[in-house]
Amino acid sequence: MAQCGSRHIDHPPAIVFDLGTISSEQGGKMRLLRRAALFAVSVIMVLSTAVTPTAGAAPAIAAEPSAVPFSPDDDVTISEIAFVHTADGLRRAKEYVHSGDSCAFAFCTIQNSSGGRFYKVFKMSPSIYVCTTVRLSNFLGRWDTHNHSTDTAELQDQYFRTNSIFPPGRRDPARWDPIYFITFCQ
C-alpha cells in the first residue's frame, strides 16, 4: 500500500511475464509483433468509438418546421394540418394541398414534422389588400406546393432575395432548403 499525503492508495498487483533470454533476432521480431498488436488495438478502438454512440447521448431530434407572420402588421392566417407519416398520409396531404376546397384562397405546402412521424400541411391565407410576409423556420426538402390565393407568392432566402415565384394558380414542387420568407402581394 502506497501513501499519498494523508490518503492511502491501493495499487493492483503487477503482472510480470518471464520471457527468458531473447536473442537480438527474436527481439526484433518481438518488437515488430508488439507494434503490430498495438496498431491493431488502436484501429479497433478507433472503429469502435466511431460506430458506437456515446453512452447516455440523446438521439438527435429534428427541429419542427414553423411559419409565423414576419411582423405584427403582417395580415395572414396560418393553419397547420397533420397527416400520419405513411404512404396513405402523404397521398392525403398532397390531395389537401391541391384541393380547391381545402386550400381555397390559400398558399399550401407540405413539410415533415415531429421527427418524421407526421406530414404537416401549412395553409397560409394572406390578406388580399396588403403585401404580407411570413417567416419560415426549418422548412426543408422539395414538397408539393399550390398557390390557390389571388396573391403572388415570392419564396425568399435569408436576405429577402427571391428564389422562386408562385403566381396565383401555380402548382409545382418547391425546394425549401434555402427559403426563409414568403412575401405575398397582389
Side-chain angles (χ1 to χ4, degrees), residues 47-186:
L47 290 176
S48 68
T49 57
V51 173
T52 307
T54 306
I61 297 174
E64 284 293 303
S66 66
V68 296
F70 182 66
S71 76
D73 296 333
D74 287 314
D75 188 12
V76 61
T77 302
I78 302 169
S79 306
E80 300 173 8
I81 303 93
F83 295 88
V84 177
H85 201 277
T86 62
D88 185 56
L90 178 58
R91 180 189 56 76
R92 291 177 56 223
K94 287 180 177 184
E95 286 175 359
Y96 192 97
V97 164
H98 296 298
S99 168
D101 294 328
S102 303
C103 280
F105 304 105
F107 179 90
C108 292
T109 191
I110 304 170
Q111 284 292 298
N112 264 323
S113 178
S114 297
R117 294 185 308 143
F118 296 99
Y119 293 109
K120 190 181 282 187
V121 171
F122 283 85
K123 178 180 176 180
M124 298 169 236
S125 303
S127 167
I128 60 172
Y129 302 108
V130 295
C131 290
T132 189
T133 300
V134 173
R135 179 179 36 223
L136 307 175
S137 297
N138 304 309
F139 268 51
L140 301 170
R142 186 171 185 262
W143 294 98
D144 282 36
T145 304
H146 197 142
N147 187 3
H148 297 275
S149 78
T150 58
D151 290 356
T152 295
E154 292 186 13
L155 282 54
Q156 301 166 328
D157 67 12
Q158 67 215 30
Y159 304 107
F160 292 95
R161 292 182 299 218
T162 300
N163 284 2
S164 184
I165 296 175
F166 273 75
R170 180 175 172 190
R171 57 174 289 153
D172 285 315
R175 164 77 49 207
W176 292 103
D177 294 26
I179 304 301
Y180 291 81
F181 302 97
I182 302 174
T183 297
F184 297 98
C185 278
Q186 285 283 327

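Worth saying up front: this structure is predicted, and the values here are computed from it rather than measured.
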- [ ] To the nearest 0.5 angstrom, please state how far the CZ atom of Arg175 sits from the CG atom of Asn163.
- [x] 11.5 Å
Open item on the list: Any side-chain to backbone donor/acceptor pair from Asp74 onto Thr133? Under 3.5 Å, distance only.
Closed with: yes
Open item on the list: Rounded to the nearest 0.5 Å, what separates atom CG in Asn147 from atom CZ in Arg171?
Closed with: 12.5 Å
Task: Minimal non-hydrogen separation, Ala153 against Phe184, with atom names - done: CB-CE2, 3.6 Å
Open item on the list: Over 60° means perpendicular and under 30° means parallel, so tell me whether Trp176 and Phe139 are parallel, tilted or perpendicular.
Closed with: perpendicular
Task: Closest contact, heavy atoms only, Phe166 versus Pro173 - done: CZ-O, 4.3 Å
- [ ] Would you confirm whether Lys123, through its side chain, and Tyr96, through its main-chain N or O, come within 3.5 Å as a donor-acceptor pair?
- [x] no
Task: Thr150 side, atom OG1; Phe105 side, atom CZ - distance, nearest 0.5 Å - done: 7.5 Å
TODO: For atom CZ of Arg117, decide whether the heavy atoms of other residues, nucleotides or ligands shown that lie under 6.0 angstrom number more than 12.
DONE: no
TODO: Could you check whether the rings of Tyr119 and Trp143 sit parallel, tilted or perpendicular, using 30° and 60° as the cut-offs?
DONE: perpendicular
Open item on the list: Once rounded to the nearest 0.5 Å, what's the spacing between atom SG of Cys131 and atom CG of Asp75?
Closed with: 12.0 Å
Open item on the list: Tell me whether His148 contacts the main-chain N or O of Val97 through its side chain, where contact means a donor paired with an acceptor under 3.5 Å.
Closed with: yes
Open item on the list: Do Lys94 and Ile110 make a side-chain contact, defined as non-hydrogen atoms from C-beta onward lying under 4.5 Å apart?
Closed with: yes
Task: Least distance between heavy atoms, Lys120 atom then Ser113 atom - done: CE-OG, 3.2 Å
Task: Validation row: Thr183, Phe70 side chains within 4.5 angstrom (heavy atoms) - done: no
TODO: Could you tell me whether the side chain of Ser149 and the main chain of Phe107 form a donor-acceptor pair under 3.5 Å?
DONE: no
Task: Ile179 and its side chain to side chain contact (heavy atoms under 4.5 Å, CB included) partner, picked from Leu155, Thr109, Leu140 - done: Leu155
Open item on the list: Check for me whether Arg161 meets the cation-pi criterion with Tyr159, that is, NZ or CZ under 6.0 Å from the six-membered ring centre and within 45 degrees of the ring axis.
Closed with: no
Open item on the list: Consider side chain to side chain contact (heavy atoms under 4.5 Å, CB included). Of Asp151, Ile182, Thr132, which one does Val76 pass it with?
Closed with: Thr132
Open item on the list: Is there a side-chain contact between Val84 and Arg92 in this structure, where contact means two heavy atoms from C-beta onward sitting under 4.5 Å apart?
Closed with: no
TODO: For Thr162, check side chain to side chain donor-acceptor pair (under 3.5 Å) against everything at least two apart and list the hits.
DONE: Glu154
TODO: Look up atom CD in Glu64 and atom OG in Ser137, then write down how far apart they are to the nearest 0.5 Å.
DONE: 11.5 Å
Task: Rounded distance [0.5 Å steps], CG in Leu136 versus CD in Gln111 - done: 8.0 Å
TODO: Check whether any side-chain heavy atom of His85 sits under 4.5 Å from a side-chain heavy atom of Phe118, and report yes or no.
DONE: no
Open item on the list: Please give me the minimum heavy-atom distance between Ser164 and Arg170, naming the atom from each residue.
Closed with: OG-NH1, 3.6 Å
Task: Minimum side-chain heavy-atom gap Thr152-Pro168 below 4.5 Å - done: yes
